[in-house]
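These notes are about the structure you will find just below.
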Amino acid sequence: MTISIYNTLSGTKAPLETIEQGHVKLYVCGITAYDYCHIGHARSALVFDMIVRYLRHRDFKVTYIRNFTDIDDKIIKRAQEQNTTCDELSSRFIRMFHEDMENLGVLPPTLEPKATEHVQEIIDMIQELIAKDLAYQVGNDVYYKVTKFAGYGSLSGRNLEDMQAGARISVNEEKQHPMDFALWKGSKPGEPTWESPWGPGRPGWHIECSAMSRKYHGKSFDIHGGGKDLIFPHHENELAQSEGANGEGFVKYWVHHGFVNIKDEKMSKSLGNFLTIREVLADYPAEALRLFIFSTHYRNPLDYSSTALNDAVTGLNRIYSCLAEIGQLPTTGNDKAKGAASKKDMQKITSLAERFHQAMDNDFNTAQALGHIFEVVKALNKIRQHLPAEPATADLTLLHQGAATVQELGQVLGLLNDDPAAHMEKEQDQILSTMTITPDEIQALIDQRNQARQDKNWARADEIRDQLLEQGIELKDDAAGTSWQVKSN
RNA sequence: GGCGGCGUAGCCAAGUGGCUAAGGCAGUGGUCUGCAAAACCAUUAUUCGGCGGUUCGAGUCCGCCCGCCGCCUCCA
């Protein structure tokens with residue numbers, strides 16, 4: 001089985017063939033550090049976290065680089081507004097970003113280079129571009145000469161004529177072509193500055209990724225990723241810079257994920273309709289957010305709503321609850337008894353890993369992979385439900401193995417990391433902490449109710465149950481006695 | 001205007017021409033229960049925005065139309 005990946009450059013899915021056998025070199029454009037991250041950033045981080053985890057699960061070595069843009073116009077502006085330095089501002093939000101990533105359960109990349117720590121590499125690359133007549137100096141600025149790069153527009157599927165027709169491009173008189181973009185910007189007073197052959201200044205936005213990816217991955221590497229909004233101009237320009245300077249192919253697979261929308265509109269800072277990661281994590285567990293994000297394919301738009309997140313919480317608990325219930329079963333039973341599991345359910349359970357891989361191999365189809373997991377959860381529940389008083393060892397083994405596979409594959413997606421029983425408890429404790437009732441009080445009421453039930457005083461028993469339900473506590477009567485849980489939602 | 005994408009049940013969503021159109025959430029009926037809850041079983045799209053075409057066969061390919069969205073300026 002091979003993994004196939006959709007490539008923005010070709011517009012088709014193609015089997016993953018790495019440059020170096022068994023080793024994937026991945027570069028993802030990270031954040032510009034000047035504000036808290038919103039759930040669009042979370043989607044980006046989670047999508048590539050999932051891709052990295054899956055590739056490693058499939059025995060690839062993955063070198064994952066995700067950069068920080070720590071110098072740019074927005075940072076300078078924001079730092080001035082907050083009366084601080086660019087360095088302080090970007091360090092602060094990089095710290096916030098790391099906190100968010102940890103809370104999301106996102107694995108750290110292999111390397112997280114910063115633009116300001118690679119100014120020399122950037123300058124070197126710009127000099128190479130000038131030497132090849134692909135860039136030119138105007139005053140203290142340096143621009144890339146887009147007309148000299150034959151493939152310009154190939155990634156985003158545009159050509160220079162069409163783009164010039166667009167009305168929103170402001171024409172800078174000093175540029176030779178309106179689409180030429182800055183590699184180096186001469187600095188104004190008060191701005192962070194580095195010395196360069198073109199005078200004091202700072203790097204343009206796109207060049208940092210070309211310089212850093214070359215330093216750590218080499219001139220060519222396997223996968224370059226980011227949000228769809230980076231296709232143009234950022235990645236188009238990176239491609240032009242890198243191939244222009246290096247004289248060889250830059251990236252084999254361009255992977256771009258879709259946006260998070262709110263009410264069918266793109267969530268973005270300029271529209272002001274965004275939710276920060278920390279706002280969302282205050283209300284929902286990280287794994288619920290993850291399940292929500294992976295419930296649709298990574299290239300499709302995803303509409304955020306509290307309903308959708310609540311659905312994800314319910315779905316996640318459904319899996320955990322299934323695993324917790326199975327975890328309580330003995331591992332051995334009657335060796336001679338015939339298994340009660342149907343052939344069909346057995347087959348569903350034992351083929352889970354294979355079907356999961358098939359879905360994931362197909363351009364990381366997490367939605368389908370999760371569908372298979374849920375299908376198996378249903379089968380496991382069904383078998384468990386129908387277990388006789390003295391269950392067959394064969395059934396118990398099937399249940400335990402099935403549950404182990406579900407959890408293991410869930411973890412490939414970064415889900416189901418908790419011990420199932422502990423998760424259910426933790427979930428409840430958290431909600432319980434916001435309530436006025438204590439577990440002891442609940443237990444006392446349950447004891448009273450059971451006494452009433454024994455006395456066949458149903459009215460009193462129901463009264464207690466309804467009273468608890470009003471406070472958000474659900475009771476479950478079964479053979480083992482009465483247990484309780486916090487009512488979901 | 002240029003480029004790209006989407007439209008599958010009440011909602012979310014998978015479906016790389018061919019067995020009964022995954023899965024989740026919500027709903028309804030049943031099993032279980034003193035009654036519930038949970039879980040399970042059954043049920044909810046003869047049909048995939050509309051109209052044509054290609055094909056033995058189309059949700060899937062092609063054309064046109066309708067509706068929605070994104071990029072073309074900083075953006076994940």
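Chain letters run A, B, ... following the sequence lines, proteins first and then strands; every chain starts at 1.
For the pair A:Ile326 CD1 and B:A39 P, the computed distance is 13 Å after rounding to whole Å. Taking atom CD1 on A:Ile446 and atom P on B:A36, their separation rounds to 19 Å, with Å as the unit. Between A:Asp311 atom CG and B:G10 atom P there is a gap of 16 Å when expressed in whole angstrom units. At whole-Å resolution of the value, CG in A:Asp345 and P in B:C40 are 11 Å apart. Protein atom CZ of A:Arg384 is 20 Å distant from nucleotide atom P of B:U31, rounded to whole Å. Taking atom NE2 of residue A:His372 and atom P of nucleotide B:A22, one finds them 12 Å apart after rounding to whole Å. Between A:Lys266 atom NZ and B:A76 atom C1' the separation is 8 Å, expressed in whole Å. Separating the OH atom of A:Tyr152 from the P atom of B:C3 is a distance of 17 Å, rounded to the nearest angstrom.
Residue A:Asn381 is in sugar-phosphate contact alone, with no base atom involved, counting any heavy-atom pair closer than 4.0 Å across all strands shown. Within the 4.0 angstrom heavy-atom criterion, base atoms lie near A:Phe259. A:Arg66 comes within 4.0 angstrom of nothing in the nucleic acid, heavy atoms only. Within 4.0 Å of A:His38, counting heavy atoms only, lies at least one base atom of the nucleic acid. Using a 4.0 Å heavy-atom criterion, one finds that A:Lys456 contacts no nucleic acid atom at all. Within 4.0 Å of A:Ile231, counting heavy atoms only, lies no atom of the nucleic acid at all. Using a 4.0 Å heavy-atom criterion, one finds that A:Val28 contacts no nucleic acid atom at all. Among the protein residues, A:Ser321 comes within range of no part of the nucleic acid, since none of its heavy atoms lies under 4.0 Å from any strand.
For the P atom pair drawn from B:G52 and B:U47, the interatomic distance equals 15 Å after rounding to whole Å. Comparing the P positions of B:G24 and B:G17 gives an interatomic distance of 26 Å, to the nearest angstrom. Spacing of P atoms, B:U55 relative to B:C62, comes out at 16 Å, to the nearest Å. B:A26 and B:G34 have their C1' atoms separated by 29 Å, with the value rounded to a whole Å. When the C1' atom is used for both B:A9 and B:A45, the distance is 5 Å, rounded to whole Å. Separation of the P atoms belonging to B:G70 and B:C61 is 24 Å when rounded to the nearest angstrom. Remark: the separation of the P atoms in B:G23 and B:G15 is 15 Å, to the nearest Å. Annotation: B:U8 and B:C68 have their P atoms spaced 14 Å apart (nearest Å).
Between A:Lys228 and B:G5 there is no side-chain polar atom (N or O) within less than 4.0 angstrom of OP1 or OP2. Regarding contacts with the backbone of B:A14, a side-chain N or O of A:Asn300 is found under 4.0 angstrom from either OP1 or OP2. Within the structure, every side-chain polar atom (N or O) of A:Asn362 is placed at least 4.0 Å from both OP1 and OP2 of B:U16. Note on A:Lys77: every side-chain N or O is 4.0 Å or more away from OP1 and OP2 of B:C74. Taking side-chain N and O atoms only, A:Thr296 has a distance below 4.0 Å to OP1 or OP2 of B:A14.
Few gaps surround CE on A:Met96; more than 12 heavy atoms of other groups in view lie less than 6.0 Å from it. The environment of CD in A:Glu279 is crowded: more than 12 heavy-atom neighbours from other residues, nucleotides or ligands sit within 6.0 Å. More than 12 heavy-atom neighbours from other residues, nucleotides or ligands sit within 6.0 angstrom of CD on A:Gln443.
Side-chain N/O atoms of A:Asp477 and base N/O atoms of B:U33 include no donor-acceptor pair closer than 3.5 Å. A donor-acceptor contact under 3.5 Å is not formed by the side chain of A:Arg355 with the base of B:G15. The base of B:G15 has none of its N or O atoms less than 3.5 Å from a complementary donor or acceptor on the side chain of A:Asn365. For a distance-only test at 3.5 Å, the side chain of A:Gln368 fails to qualify as a donor-acceptor partner of the base of B:A14. Remark: the A:Arg465 side chain and the B:C35 base include a donor-acceptor N/O pair separated by less than 3.5 Å.
Within the cation-pi definition used here (under 6.0 Å to the ring centroid, within 45° of the axis), A:Arg299 qualifies as a partner of A:Tyr6.
Under a 4.0 Å N-O distance rule, the pair A:Asp455/A:Arg460 does not qualify as a salt bridge.
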Could you go through the ring pair (Phe, Tyr, Trp, His ring centres under 6.0 Å) check for A:Phe68 and A:Phe97 one step at a time?
CA-CA 10 Å; A:Phe68 284 113; A:Phe97 175 81; 5.4 Å; yes

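When each of A:Lys185, A:Arg202, A:Lys77 is checked for a salt bridge (charged side-chain N to carboxylate O under 4.0 Å, His left out) with A:Glu191, only A:Arg202 meets the rule.
Comparing atom distances between the A:Lys378 side chain and each of B:A76, B:A13, B:C41 picks out B:C41 as nearest.
Between A:Asn362 and A:Gln358 the shortest side-chain heavy-atom distance does not fall below 4.5 Å.
A stacked arrangement is not assigned to A:Phe374 and the six-membered base ring of B:G23, the conditions of a centre distance below 5.5 Å and an interplanar angle below 30° not being jointly met.
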